[in-house]
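Just below is one structure, and these are the notes that go with it.
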Amino acid sequence: MKKAVLYYFSGTGNTKLCAKYIAKHLSEYGFQVDLYQYKKSIVNVPDPNDYDYVGIGYPIHAFNVPAAFNKFLKQLPNVKDKKMFIFKTSGEPYHLNDSSSYHFYKKIIKKGYKLILEEHIILPYNIMFRYKDEVVKQQLLYCEPICQMIAKRISLGEEEQVKYKLRYRLVSTLLRIEWIAPCINSWFSSVNMKSCVDCGTCYNLCPTNAIYKDKKGKLKISSHCSMCMHCTMYCPHDAIKFGILNHWKVNTPYNFKRISNDFTVEDNYINPKTKGYFKLFYPYFKKMNDKLKKYNISVSKK
């Protein structure tokens, strides 16, 4: 039995959802799969040398891998000709996202990892603005089929040469300045202790342990913040003032189950006739339709 390990970073749950779907379908194709969700305080990281395949999953932050996860990836041990695949998530289909992996890719291939495929999965924003249910439903309809396609391609032993275009690499490099933004933003962030009910949602589940209690019991946000937006989305009382980005935060998580099962929510919002911002998404879904068809995977509409 072949074995795969998936190392992934997830703030609000999008990349975690993809990791679970990929693991599910790899298992169906006869793989033994272990999942490792990055959290700064967790030790006992699975050794990639014990597996046939290594999966890397992350949400794209400013057209790059999150800084904290980048440090983790650079600490992975050396291997010998280990096959690696990447799955990454974002809220938009821009080609500027294409080279988000390039920075850590350059370093990790020197350690003996061989990149065999990379896939970009679009899921709803957790910052900027909240996506309407119709858009979320359509993204969810494609999410699991795309993850199944990734698993199927791996099971078939497929490999492709992943190329990162120079113009996108340059933009990615310039925007890597975002890696210092969480530190700066933390100076202006705070928790409204009058609204806070100390439920522990923020500090118990923060991937980088950036939220902590001081000696007086007040919650503080440290420079370890990665701006993953978990705390702002899941705070039940909207008690977190998120610095410079406060007006862009999306409070309360999307109810994926409700949206998926609600027959009154349209599931073809993005189509050839779509106007405005979301017309940019249609080429992505069209491309995915073609790829899924190649592997006899259908998008099941409820």
Side-chain angles (χ1 to χ4, degrees), residues 8-19 37-42 57-72 88-92 122-133 135-136 139-140 175-259:
Y8 68 94
F9 179 104
S10 190
T12 55
N14 287 348
T15 309
K16 182 177 183 178
L17 178 66
C18 295
Q37 182 173 1
Y38 168 83
K39 197 172 190 298
K40 189 175 181 180
S41 59
I42 294 180
Y58 67 91
I60 300 171
H61 288 186
F63 309 122
N64 280 283
V65 63
F69 194 50
N70 179 66
K71 291 179 181 179
F72 166 78
K88 55 189 185 181
T89 61
S90 79
E92 73 288 303
I122 297 179
L123 285 166
Y125 268 153
N126 57 19
I127 193 172
M128 302 291 284
F129 61 91
R130 190 178 191 86
Y131 280 179
K132 59 195 307 182
D133 286 357
V135 175
V136 176
Q139 291 174 331
L140 290 174
L175 290 179
R176 211 165 292 145
I177 193 173
E178 189 268 349
W179 283 355
I180 67 171
C183 177
I184 296 173
N185 193 65
S186 67
W187 300 343
F188 304 97
S189 299
S190 60
V191 179
N192 184 338
M193 297 306 294
K194 292 182 179 180
S195 301
C196 176
V197 295
D198 197 19
C199 64
T201 300
C202 59
Y203 55 82
N204 285 331
L205 298 176
C206 176
T208 57
N209 296 335
I211 302 181
Y212 65 97
K213 287 185 177 181
D214 65 11
K215 294 180 180 180
K216 296 181 179 180
K218 292 184 177 181
L219 290 175
K220 302 289 185 180
I221 300 176
S222 76
S223 59
H224 295 304
C225 174
S226 66
M227 294 202 302
C228 73
M229 309 308 291
H230 178 274
C231 60
T232 59
M233 177 172 276
Y234 284 87
C235 179
H237 293 278
D238 195 14
I240 298 174
K241 183 179 180 182
F242 204 61
I244 302 168
L245 301 178
N246 195 58
H247 294 294
W248 285 354
K249 66 183 182 182
V250 176
N251 186 244
T252 68
Y254 296 93
N255 190 329
F256 286 169
K257 184 176 181 179
R258 177 192 63 77
I259 294 172

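Side chains are part of it too, since the values below use all heavy atoms of this structure and drop only hydrogens, waters and symmetry mates.
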So which heavy atom on [X] is nearest to which on [Y], and how close?
X      : Y      : result
Ile240 : Cys202 : CD1-CB, 4.2 Å
Met193 : Lys218 : CE-CA, 4.0 Å
Trp179 : Pro66  : NE1-C, 4.2 Å
Cys228 : Pro207 : SG-CD, 3.8 Å

>> Lys213: which residues meet the salt bridge (Lys or Arg N to Asp or Glu O under 4.0 Å) condition with it, sequence neighbours left out?
In response: Asp198
> Which residues satisfy the salt bridge (Lys or Arg N to Asp or Glu O under 4.0 Å) test with Lys16, sequence neighbours excluded?
Replying inline: none
Hey, does the side chain of [X] reach the backbone of [Y] with a donor-acceptor pair shorter than 3.5 angstrom?
X      : Y      : answer
Thr232 : Asn251 : no
Thr12  : Met229 : no
Trp187 : Ser223 : no
Tyr234 : Pro253 : no

>> I'd like to check the ring-ring contact (aromatic ring centres under 6.0 Å, His included) partners of Tyr131; sequence neighbours left out, ordered by chain and number.
In response: Tyr125, Phe129, Phe278
> Is atom NZ of Lys241 surrounded by more than 12 heavy atoms (other residues, nucleotides or ligands) closer than 6.0 Å?
Replying inline: no
> Where does the angle between the aromatic ring planes of Tyr58 and Phe69 fall among parallel (under 30°), tilted (30 to 60°) and perpendicular (over 60°)?
Replying inline: tilted
